[in-house]
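Since we're looking at a predicted model, the values are computed, not measured.
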Amino acid sequence: MTIVQKKSNSHGGGPMPRHGAWAADGFGVYDGGIALCLGVIAFALVAIIGVLPTGIRVQKDNREDTIINQEGLLLVEAIRSGSRGLDYLTNYFDTITVSISWASPIFSTLPD
């Protein structure tokens, strides 16, 4: 015959509590803090992912504007100063029209 002795808690007989004598069925202090941190991190990730496409589009637009401005300045300086060695620039344009007005020069580019 075998005798099995049941483990008991400090309150007498019955099952042992899961996390100690103070544990309740809901969230504890540490569990609630971890859940709150995970919620804040999830909210921040959703906000970052939501703003990301706008940031990429703005970066692309700024890069294109910078390239256009730099190429325009190169071309205007080449025309103004009569630079030599820049003969290849005419390969990128159908026509170059310079008007005598206070407005900026108009350049026509090759269609894609």
Side-chain angles (χ1 to χ4, degrees):
M1 179 158 120
T2 307
I3 299 173
V4 177
Q5 187 177 11
K6 289 185 175 182
K7 293 183 179 180
S8 63
N9 59 16
S10 61
H11 302 293
M16 295 284 288
R18 287 188 296 166
H19 298 292
W22 52 270
D25 288 334
F27 282 117
V29 175
Y30 298 111
D31 296 334
I34 290 172
L36 181 65
C37 289
L38 289 175
V40 168
I41 290 170
F43 181 78
L45 285 175
V46 168
I48 290 170
I49 291 171
V51 174
L52 193 62
T54 303
I56 290 173
R57 186 175 56 248
V58 168
Q59 179 188 12
K60 178 183 170 218
D61 292 344
N62 287 340
R63 188 176 343 122
E64 289 175 354
D65 290 344
T66 301
I67 290 171
I68 290 170
N69 287 336
Q70 289 176 349
E71 289 179 351
L73 287 174
L74 174 71
L75 185 62
V76 168
E77 286 298 318
I79 292 171
R80 184 180 302 151
S81 64
S83 299
R84 295 178 185 248
L86 298 176
D87 298 334
Y88 66 92
L89 289 177
T90 57
N91 297 335
Y92 297 108
F93 296 93
D94 288 332
T95 59
I96 298 174
T97 306
V98 179
S99 61
I100 302 174
S101 67
W102 295 106
S104 299
I106 301 171
F107 302 107
S108 302
T109 61
L110 293 172
D112 289 336

Quiz item: Can you find a heavy atom in the side chain of E77 that is under 4.5 Å from one in the side chain of R80?
Solution: yes
Exercise. Kindly compute the distance separating CG (D61) from OG1 (T66), expressed to the nearest 0.5 Å.
Key: 10.5 Å
Quiz item: Looking at CG of D65 and CZ of R63, how far apart are the two atoms once the value is rounded to the nearest 0.5 Å?
Solution: 11.0 Å
Practice problem: Working to the nearest 0.5 Å, report the span between CD1 of I68 and CD of E64. | Solution: 6.5 Å
